[in-house]
Participant: 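This is the structure I want to talk about, given as structure tokens.
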Amino acid sequence: VKEEDKAFISSSILYVSLEPCTHFGKTPPCVDLIIQNKIPSVVIGCRDPFKEVDGKGIEKLIAAGINVSVGIAEKESRILNNRFFTFQLSKQPYVILKWAQSSNGKITSAKKERLQISNNYSNRLVHQWRSEEAGILVGTNTALLDDPLLTTRLWNGPSPLRIVLDLNLRLPLTLNLFKAGKTIVFNRQKNEKKGDVHYYQIKDTEYLPKQLLNALFELEIQSVIVEGGARLLQSFIDADLWNEARIITNNELEIPEGIAAPTLSTGAITKEKKIFSDTITYYHNHS
């Protein structure tokens, strides 16, 4: 607030989607700042389920004589904070599945070569999606064959933490994803840090998607976008461990002999949009 406008604070109403916090985390308590600035009214969308807060912020505001309203646009506020709520209540990250497929449902060519399926405009949107999530996950074959950077170079925003599943440590450190900052490698063999590469051992691979999400929860990764390959994506679908899916279909591209795209067994379409040759379909997993 500009210095010349600060006189208005004491007669203002503060609107927040989530209950103001009372604990020291990455920042000091929001509640203390509200009280210090004598804001007379606070409208709160929804209560914070985090055990360090969970009503304590509301109680402290009321005790300070502040007029508090709770549950205003609660549904919308929960949706706005769905990553945070999923992380706190389900004890796992919010999971977004993303893939591009041809008009005949193929995710890549059988020739094991890099193939761009979505158009340049959709690719830019994908980089925006990346900037909105904490982590990005790919499997071994995707890392080897596509050699992706997994950054937001086509969008002005932060790149997510790179995460790769490499159970048998087959990936050479010369790949692009190891050149763009911190990368986590989930594997069977070791826990170790080598510069920006952090090896994280997964001992029980029978329920692999759940083990990955448990590990990401321990690492405090609140959301992850899974970008391939087909087997890794399908494993999350089969385990019913996903929240959203975003599928880009190139209506003008057919791949005669290719690898089939994953198949969603649950989920409802929430919206569709066309970007030239591509149709983007958004799904939500109600289960």
Side-chain angles (χ1 to χ4, degrees), residues 95-102 105-118 120 122-123 126-127 129-130 133-154 159-203 205-206 208-209 211-213 215-216 219 221 224-239 241-242 245-248 250 253 255-263:
V95 177
I96 298 171
L97 309 180
K98 171 265 164 183
W99 70 85
Q101 61 186 23
S102 64
K106 305 298 182 183
I107 198 171
T108 189
S109 167
K111 297 178 181 178
K112 294 187 176 182
E113 60 185 8
R114 183 180 176 91
L115 176 65
Q116 181 175 315
I117 295 177
S118 52
N120 290 335
S122 297
N123 283 345
V126 169
H127 284 228
W129 293 345
R130 290 178 179 178
E133 310 309 329
I136 182 169
L137 170 65
V138 296
T140 309
N141 288 335
T142 298
L144 275 174
L145 299 177
D146 292 350
D147 194 15
L149 280 163
L150 304 181
T151 63
T152 57
R153 60 196 178 279
L154 302 179
S159 292
L161 173 68
R162 282 151 300 281
I163 308 159
V164 62
L165 179 64
D166 183 18
L167 292 177
N168 298 313
L169 295 180
R170 294 165 46 204
L171 298 177
L173 295 178
T174 53
L175 292 176
N176 283 325
L177 64 88
F178 295 116
K179 300 175 183 177
K182 183 180 176 181
T183 303
I184 293 176
V185 182
F186 286 121
N187 69 96
R188 287 193 181 101
Q189 300 177 26
K190 63 181 179 179
N191 284 305
E192 188 177 273
K193 291 183 181 180
K194 284 189 175 181
D196 284 335
V197 182
H198 294 199
Y199 295 94
Y200 194 107
Q201 189 176 19
I202 299 289
K203 295 180 180 179
T205 57
E206 183 177 358
L208 188 56
Q211 298 302 320
L212 292 176
L213 295 186
L216 291 173
L219 294 167
I221 307 299
V224 62
I225 183 166
V226 185
E227 287 206 10
R231 186 185 301 175
L232 181 62
L233 287 160
Q234 192 66 55
S235 71
F236 277 90
I237 295 169
D238 293 344
L241 290 172
W242 61 282
R246 301 171 184 175
I247 303 172
I248 304 171
N250 187 331
L253 174 67
I255 303 176
E257 295 180 7
I259 297 171
T263 304

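As the structure is a prediction and not an experimental result, all values here were calculated from the model.
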Participant: Would you call Val185 and Phe178 a side-chain contact if the rule is heavy atoms closer than 4.5 Å?
Facilitator: yes
Participant: Looking at Arg188 and Asn168, would you say the former's side chain and the latter's main chain have a donor-acceptor pair under 3.5 Å?
Facilitator: no
Participant: Taking C-beta and beyond as the side chain, do Ile117 and Trp99 meet within less than 4.5 Å on heavy atoms?
Facilitator: no
Participant: Identify the heavy atoms of Leu165 and Leu137 that sit nearest to each other, and give their distance.
Facilitator: N-CD1, 4.2 Å
Participant: So, does Asn187 use its side chain to make a donor-acceptor pair with the main chain of Leu169 at under 3.5 Å?
Facilitator: no
Participant: Output all residues satisfying ring pair (Phe, Tyr, Trp, His ring centres under 6.0 Å) with Tyr200, sequence neighbours left out; order by chain, then residue number.
Facilitator: Phe186
Participant: Quick one: CG on Leu149 to CG on Asn176, what's the gap to the nearest 0.5 Å?
Facilitator: 4.5 Å
Participant: With a 6.0 Å cut-off (strictly less than), is the heavy-atom count around NZ of Lys193, excluding the residue itself, greater than 12?
Facilitator: no
Participant: Roughly how far, to the nearest 0.5 Å, is CG of Asp196 from NZ of Lys182?
Facilitator: 9.0 Å
Participant: Rounded to the nearest 0.5 Å, what separation is found between the NE2 atom of His127 and the CG atom of Leu154?
Facilitator: 4.0 Å
Participant: Less than 4.5 Å apart, side chain to side chain, heavy atoms only: is that true for Arg130 and Arg153?
Facilitator: yes
Participant: Do Ile248 and Val126 have side-chain heavy atoms sitting under 4.5 Å apart?
Facilitator: yes
Participant: Look at the side chain of Glu206 and the backbone N and O of Leu208, then say whether any donor-acceptor pair between them is shorter than 3.5 Å.
Facilitator: no
Participant: Do the side chains of Pro209 and Leu232 get nearer than 4.5 Å, heavy atoms only?
Facilitator: no
Participant: Check the pair Thr152 / Ser159 against side-chain contact (heavy atoms from CB on, under 4.5 Å), numbers first and verdict last.
Facilitator: CA-CA 5 Å; Thr152 57; Ser159 292; 3.3 Å; yes
Participant: Main chain of Gly229, side chain of Thr142: is a donor-acceptor contact present, judged purely on distance under 3.5 Å?
Facilitator: yes
Participant: The test is side-chain contact (heavy atoms from CB on, under 4.5 Å); show your working for Ile225 and Trp129 and say whether it passes.
Facilitator: CA-CA 8 Å; Ile225 183 166; Trp129 293 345; 4.2 Å; yes
Participant: Drop me the distance from Leu115's CG to Leu253's CG, to the nearest 0.5 angstrom.
Facilitator: 6.0 Å
Participant: Kindly give the heavy-atom pair with the smallest separation between Ile107 and Ala230, and that separation in Å.
Facilitator: CG2-CB, 4.0 Å
Participant: Tell me, please, which residues at least two apart from Arg170 pass side chain to side chain donor-acceptor pair (under 3.5 Å).
Facilitator: none
Participant: Trp242 and Phe236: which non-hydrogen atoms are nearest, and at how many Å?
Facilitator: CD1-O, 3.8 Å
Participant: Show the nearest heavy-atom pair for residues Leu144 and Pro172, with the distance to one decimal.
Facilitator: CD2-CD, 4.0 Å
Participant: Do Val164 and Thr140 have side chains that approach each other closer than 4.5 Å (heavy atoms only, starting at C-beta)?
Facilitator: no
Participant: Any heavy-atom pair between the side chains of Ile237 and Leu97 that's under 4.5 Å?
Facilitator: yes
Participant: Let's go through Arg114 and Asp147 carefully: what are the C-alpha distance in whole Å and the side-chain angles of both, what is the deciding distance for side-chain contact (heavy atoms from CB on, under 4.5 Å) to 0.1 Å, and is it a yes or a no?
Facilitator: CA-CA 9 Å; Arg114 183 180 176 91; Asp147 194 15; 5.7 Å; no
Participant: Who passes side-chain contact (heavy atoms from CB on, under 4.5 Å) against Ala180, sequence neighbours left out?
Facilitator: Thr151, Arg162
Participant: For the atom pair OG1 (Thr183) and CG (Leu150), what is the distance rounded to the nearest 0.5 Å?
Facilitator: 8.0 Å
Participant: Once you round to the nearest 0.5 Å, how far does CD of Gln211 lie from NZ of Lys203?
Facilitator: 11.5 Å
Participant: Heavy atoms, side chains only, cut-off 4.5 Å: are Val224 and Pro160 in contact?
Facilitator: no
